[in-house]
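Keep in mind that this is a model prediction, so the values were computed, not measured.
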Amino acid sequence: MCSSFYFIKKKNVIHYNSPSPSNSLAVMTVVIGFEGSANKIGVGIVRDGEVLSNPRRTYITPPGQGFLPSETARHHRSVILTVLKEALEEAGLKPADVDCVAYTKGPGMGAPLVTVALVARTVAQLWGKPLLGVNHCIGHIEMGRLITQANNPTVLYVSGGNTQVIAYSERRYRIFGETIDIAVGNCLDRFARVIKISNDPSPGYNIEQMAKKGTQYVELPYTVKGMDVSFSGILSYIEVRSGKMLKYNQCTAEDLCFSLQETLFSMLVEITERAMAHCSSQEVLIVGGVGCNLRLQEMMGVMCKERGAKLFATDESFCIDNGAMIAQAGWEMFRSGQTTELSDSWITQRYRTDEVEVTWRD
């Protein structure tokens with residue numbers, strides 16, 4: 001993998017070469033971010049390109065089961081104050097040191113989003129700080145840009161709830177291609193349920209490890225429609241046929257993991273390369289939980305090398321949902337003059353990336 005990712009860690013503080021602030025504010029700005037749009041709950045604190053703290057918890061269900069919104073929200077309510085306390089202690093800060101409170105406005109699961117928004121609104125009022133609602137995808141992109149120092153990359157955003165190919169143009173992150181049904185992470189998660197792969201630490205990680213032992217490629221449906229992809233047919237195909245294939249030793253579970261990864265990731269590489277050609281881009285940035293899959297990074301790296309381009313990617317610290325990414329996007333927004341009034345601090349399960357006006361970039 002060709003990546004410019006690096007960091008120096010000292011006393012729980014991760015330092016990056018951050019971009020120049022979007023205005024001439026001389027005082028260092030501290031933003032705390034709350035993320036809880038799915039089964040991860042995290043609180044992160046960022047100060048001018050420094051990740052001061054980033055603790056999180058994960059709601060894990062038994063093999064064969066997904067996570068329901070109500071149960072996920074219950075989990076988040078039970079740990080969010082503990083995670084908040086950890087974030088402040090690790091950063092060595094008090095509430096008075098914080099300049100702005102950012103939270104995930106959407107997209108995501110309704111009940112978990114509401115839980116996090118309520119806490120963020122309460123904290124902002126108790127501390128007397130301005131509030132900022134952040135688009136979840138924008139958080140991933142800005143975190144990736146910060147830690148990799150990618151200049152103006154074509155972005156592949158791949159997670160349990162989203163699959164998009166994105167490029168910046170005229171104050172918007174434009175969506176050039178996306179899934180027309182389910183997200184790639186959701187496809188992997190549901191496949192894991194079909195063959196009872198553990199959810200600990202995550203189904204995607206366990207699929208990745210099993211795929212390394214696969215030796216036989218099982219042909220699966222490959223569905224690319226222009227710049228868009230479809231994963232539901234692949235999942236249906238496996239749901240119907242995997243039981244019989246495993247029962248009669250036509251392949252192993254490891255072979256299915258290997259075949260699924262190769263097929264899904266090939267589709268993603270194809271549409272990303274097409275977007276690069278359209279934008280004359282020489283950089284690719286992979287963000288989102290699925291983005292920490294090393295096989296995806298390897299396949300994307302081969303494509304980038306053939307085009308003379310650079311691949312930028314991160315590890316699970318920042319690919320997976322976390323509070324620091326919301327804090328970093330909030331930092332960019334706050335420094336450009338944005339805040340969210342309390343009356344507008346609602347959440348939405350559907351919040352497209354290209355709905356956000358990117359006021360902090362030229």
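Atom NZ of Lys212 and atom CD1 of Ile207 lie 13.5 Å apart (nearest 0.5 Å). The distance from the CD1 atom of Ile141 to the CG atom of Leu146 is 13.5 Å, given to the nearest 0.5 Å. In this structure, the separation between CE on Met300 and CG on Leu156 is 4.5 Å, given to the nearest 0.5 Å. Annotation: the span from Ile138 atom CD1 to Thr104 atom OG1 amounts to 12.0 Å, rounded to 0.5 Å. Atom CD in Gln209 sits 8.0 Å away from atom CG in Leu294 (nearest 0.5 Å).
Ring geometry for Tyr217 versus Phe258: interplanar angle over 60°, hence perpendicular rather than tilted (30 to 60°). Between His136 and Tyr157, the ring-plane angle classifies as tilted under the 30° and 60° cut-offs.
In this structure, His140 and Phe318 approach most closely via the heavy-atom pair ND1-O, 4.3 Å. The heavy-atom pair separating Leu131 from Ser345 by the smallest distance is CD2-CB, 3.5 Å. Residues Met267 and Ile234 come closest through the heavy atom pair SD-CD1, 3.8 Å. Closest approach of Cys137 and Ile166 over heavy atoms only: SG-CD1, 3.7 Å. Listed here is the closest heavy atom pair of Val194 and Ser242: CG1-OG, 3.5 Å. Between Ala324 and Val46, the closest heavy-atom pair is O-CG2, 3.7 Å.
By the 4.5 Å heavy-atom criterion applied to side chains, Ile320 and Cys292 are counted as neighbours. At least one side-chain heavy atom of Asp228 sits under 4.5 Å from a side-chain heavy atom of Glu178. Side chains of Ile147 and Ser317 form no contact here, defined as non-hydrogen atoms less than 4.5 Å apart. Here the side chains of Pro201 and Asn206 are in contact, with some heavy-atom distance below 4.5 Å. For the pair Trp360 and Arg335, the minimum side-chain heavy-atom distance is 4.5 Å or more. Counting heavy atoms from C-beta on, the side chains of Pro107 and Asn162 come closer than 4.5 Å. A 4.5 Å side-chain heavy-atom check between Arg274 and Ile271 finds at least one atom pair inside the cut-off. Within the 4.5 Å cutoff, the side chain of Thr179 has heavy atoms near those of the Phe231 side chain.
In terms of hydrophobic clustering, with Ile, Leu, Val, Met, Phe, Trp and Tyr side chains grouped at heavy-atom distances under 4.5 Å, Met109 and Val134 are assigned to different clusters. Follow the hydrophobic side-chain contacts under 4.5 Å out from Val30 and you reach Val43 in the same cluster. Leu296 and Val302 are assigned to two separate hydrophobic clusters, defined by single-linkage of ILVMFWY side chains at heavy-atom distances under 4.5 Å. At a threshold of 4.5 Å between side-chain heavy atoms, the hydrophobic network of Ile, Leu, Val, Met, Phe, Trp and Tyr places Trp346 and Val119 in two separate groups. In the hydrophobic clustering of this structure, Leu220 groups with Tyr222; members are Ile, Leu, Val, Met, Phe, Trp, Tyr whose side-chain heavy atoms approach within less than 4.5 Å, directly or through other members.
Checked by atom type and distance alone, the side chain of Arg56 never pairs as donor or acceptor with a backbone atom of Gly44 at under 3.5 Å. A donor-acceptor contact shorter than 3.5 Å is absent between the side chain of Asn39 and the backbone of Thr58. The closest donor-acceptor contact from the side chain of Asp321 to the backbone of Glu35 lies at 3.5 Å or more, if one exists at all. Between the Ser159 side chain and the Gly288 main chain, no donor and acceptor come within less than 3.5 Å of each other. No side-chain donor-acceptor contact under 3.5 Å links Glu270 to the backbone of Ser266. Formation of a donor-acceptor pair under 3.5 Å by the Glu355 side chain with backbone atoms of Arg352 is found in this model. Distance alone, capped at 3.5 Å, places no donor-acceptor pair between the Asp181 side chain and the Ser230 backbone. Proximity of a side-chain donor or acceptor of Ser259 to a complementary backbone N or O of Leu256 within less than 3.5 Å is not detected. Under a 3.5 Å cut-off, the side chain of Glu90 and the backbone N or O of Leu52 do not form any donor-acceptor pair. Judged purely by atom type and a 3.5 angstrom limit, Asp255 uses its side chain to pair as donor or acceptor with the backbone of Thr252.
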Let me see the working for Asn199 and Thr61 under side-chain hydrogen bond (donor to acceptor under 3.5 Å, both in side chains), right down to the final yes or no. CA-CA 6 Å; Asn199 291 323; Thr61 56; 3.0 Å; yes

Test log, rule side-chain hydrogen bond (donor to acceptor under 3.5 Å, both in side chains), inputs Gln261 and Asn293: CA-CA 10 Å; Gln261 277 199 166; Asn293 185 296; 2.9 Å; yes

What do the steps show when you test Trp331 against Asp48 for side-chain hydrogen bond (donor to acceptor under 3.5 Å, both in side chains), and what is the final call? CA-CA 8 Å; Trp331 183 89; Asp48 290 1; 2.7 Å; yes

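A salt bridge links Arg145 with Glu142: the closest approach of a Lys/Arg side-chain nitrogen to an acidic carboxylate oxygen falls below 4.0 angstrom. Checked for salt-bridge contact, Arg57 and Glu86 meet the test: a charged N lies under 4.0 Å from a carboxylate O. By the 4.0 Å N-to-carboxylate-O rule, Arg47 lies close enough to Glu50 to be salt-bridged with it.
Both tests hold for Arg361 against Tyr168: distance to the six-membered ring centre under 6.0 Å, angle to the ring axis within 45°.
Among Glu170, Met333, Arg172, the one residue that satisfies the side chain to side chain contact (heavy atoms under 4.5 Å, CB included) test with Glu357 is Arg172.
No more than 12 heavy atoms of other residues, nucleotides or ligands shown are found within 6.0 angstrom of OH on Tyr205.
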